[in-house]
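Have a look at the structure below, then the notes.
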There are 2 protein chains.
Amino acid sequence: MKNILATEELNTEELILRAAKKIFTHKGFEGARMKDIADEAGINKALLHYYFRSKDKLFESIFDGVLKSFLPQAILILSSELPLFQKIDRISEYYIQSLSKQPDIPIFVLHELSVNPYRLIENIKEHGMDLHLFSQQLQSEIDEGKIRPIKTAHFITNLFALCVFPFIGRPLIMGMMNLNDTEFNSYVLERRQIVTETMIRSLKV
Amino acid sequence: MKNILATEELNTEELILRAAKKIFTHKGFEGARMKDIADEAGINKALLHYYFRSKDKLFESIFDGVLKSFLPQAILILSSELPLFQKIDRISEYYIQSLSKQPDIPIFVLHELSVNPYRLIENIKEHGMDLHLFSQQLQSEIDEGKIRPIKTAHFITNLFALCVFPFIGRPLIMGMMNLNDTEFNSYVLERRQIVTETMIRSLKV
DNA sequence: ATTTGATTTAACCAAACAGTCAAATATACA
DNA sequence: TGTATATTTGACTGTTTGGTTAAATCAAAT
């Protein structure tokens with residue numbers, strides 16, 4: 001009988017998903033080997049196909065899971081009742097903190113979306129990524145003269161670019177700036193304030 | 001005899017390089033098939049191995065070429081004698097214009113660097129990516145009270161994030177903002193001004 | 001015309017790969 | 001305990017892939 005009392009004990013499916021996430025996010029779909037995932041999970045290769053019939057099926061579980069754990073939070077914060085500047089702070093806080101723990105996610109998602117853009121469509125429709133409410137708030141603040149005029153697309157781009165780019169460009173930044181891992185971590189910790197400051201200053205009238 | 005008079009006639013090596021660049025940048029190293037590259041170039045698969053002994057060799061030609069055609073320009077502009085704000089404008093102009101013509105480059109480079117970070121090291125050392133001069137200029141402007149204090153790493157990150165992210169996040173942006181190809185192109189054209197404005201406003205005292 | 005060297009091809013090969021299957025083992029329940 | 005069901009494995013398969021090779025073709029010099 002398995003030791004179901006030990007809290008750190010994971011069942012096989014969770015073991016596979018955890019291993020698959022690590023390998024897929026690190027190597028991408030094409031670069032990942034089913035053997036690598038099996039080894040990482042400490043199980044037999046055939047067992048992967050017992051739980052997830054194919055590499056594609058396993059990948060979609062991971063990819064969908066990752067999208068669902070990152071995108072909806074943005075919509076949630078942006079569509080909330082919070083003041084604009086607080087939203088900026090919340091987004092930057094949430095994404096920089098989450099991505100610090102899983103720094104491979106952005107490049108993984110964006111690479112797979114680049115190779116296979118249709119993947120996103122279903123997911124977006126499914127979650128009803130609606131930015132209308134936020135667009136209205138932004139326009140109100142502009143109309144009231146509280147911030148400078150800016151289109152929603154550019155606002156969103158600026159905010160996410162500033163939050164996410166450090167993780168996407170990590171090897172580039174570490175190389176150009178001559179940072180080691182410790183120094184890079186300090187740099188990332190500073191980003192949260194930099195992002196909100198940069199965004200808010202650029203919006204002030 | 002080949003028609004060497006026709007200017008549009010490319011020799012086989014150039015044909016291969018052009019095809020390989022298209023396939024590699026679109027699919028990544030692992031996703032690219034030598035057969036695909038051969039087909040794209042309109043030649044036989046064995047001919048690839050005649051000109052470039054292996055997939056790795058061919059890939060390195062492409063990857064090095066891409067790095068050399070993008071990174072040095074940044075160092076050149078940043079290390080020049082131009083005023084700070086003009087440098088921002090030049091960088092944003094150059095990168096947004098170049099990447100509009102080759103939008104797959106950023107995600108390609110950053111994905112490959114993520115899977116294989118050591119690739120960059122040689123290239124950076126080789127080109128002497130030195131940002132010391134620029135750091136001094138930035139510090140001078142800060143000391144003279146002309147701009148708000150900011151570390152070089154964050155300045156560079158912000159500038160490149162704002163320039164490059166639209167291309168990295170293209171499918172995401174098109175999906176969330178409901179843009180078609182034409183609308184995305186207009187959006188990219190607007191980016192140049194947005195980037196310089198955002199950067200400069202965030203730096204003003 | 002013949003030789004020489006560079007270019008191109010079709011056919012082939014070994015390794016790596018995702019995926020399969022029958023047999024073995026563990027688990028639950030009667 | 002015995003039996004049915006769920007889980008796990010080692011050995012296997014067919015296909016795809018990067019890479020090779022020997023022969024054919026072409027271009028130019030002798």
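First the proteins, then the strands, lettered A, B, ... as listed; each starts at 1.
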Item to complete: Using atom CG of A/N11 as one end and atom P of D/dA6 as the other, report the distance to the nearest whole Å.
Response: 16 Å
Worksheet item: Is there a donor on the side chain of B/K55 or the base of D/dG19 sitting less than 3.5 Å from an acceptor on the other?
Response: no
Worksheet item: Just by modelled atom types, is the A/L82 backbone N or O under 3.5 Å from a matching donor or acceptor in the A/Q137 side chain?
Response: yes
Discussion item. Just the rounded figure in Å: distance from C1' of C/dT20 to OH of A/Y51.
Written reply: 18 Å
Response to the item:
Whole-Å distance, A/M34 CE to D/dT13 P, equals 20 Å
Worksheet entry | Length of the CD-C1' vector between A/E30 and D/dG18, whole Å | 15 Å
Fill in: Among D/dG10, C/dC17, D/dG19, the one nearest A/N44 by side-chain distance
D/dG10
Fill in: Side chain B/T196, main chain B/Q193, donor-acceptor under 3.5 Å
yes
Discussion item. Mind checking if B/A32 touches a base, just sugar-phosphate, or nothing, with heavy atoms under 4.0 Å?
Written reply: sugar-phosphate
Fill in: Sugar-phosphate only, base, or nothing, as touched by B/F52 at under 4.0 Å among non-hydrogen atoms
nothing
Discussion item. Between B/R191 (side chain only) and B/L162 (backbone N and O only), is there a donor and an acceptor less than 3.5 Å apart?
Written reply: yes
Worksheet item: Atom CZ of B/F29 and atom P of D/dT17: how far apart are they, to the nearest Å?
Response: 14 Å
Discussion item. Can you tell me if B/R33 touches the phosphate of D/dG18, counting only side-chain N or O atoms and a distance under 4.0 Å to OP1 or OP2?
Written reply: yes
Response to the item:
When rounded to whole Å, the CG to C1' distance for the pair B/D56 and D/dT17 reads 13 Å
Worksheet item: Among D/dT9, D/dT8, D/dG18, which is the nearest nucleotide to the side chain of A/A46?
Response: D/dT9
Worksheet item: What's the NZ-C1' distance between A/K45 and C/dC21, to the nearest Å?
Response: 12 Å
Fill in: Polar side-chain atom of B/E112 near backbone of B/F29 as donor-acceptor pair, under 3.5 Å
yes
Worksheet, complete the sentence: The nucleotide from C/dT8, C/dA18, D/dT20 with an atom nearest the side chain of B/Y50 is C/dT8
Worksheet item: At under 4.0 Å, does any side-chain N or O of B/T12 touch on OP1 or OP2 of C/dT8?
Response: yes
Worksheet entry | Heavy-atom donor-acceptor pair, B/K35 side-chain to D/dG18 base, under 3.5 Å | no
Response to the item:
Whole-Å distance, A/L47 CG to D/dT7 P, equals 10 Å
Item to complete: Go through D/dG18, C/dT8, C/dA18 for me and flag the one nearest to the A/H49 side chain.
Response: C/dA18
Worksheet item: Any sub-3.5 Å donor-acceptor pair from B/Y51's side-chain atoms to B/L58's backbone N or O?
Response: no
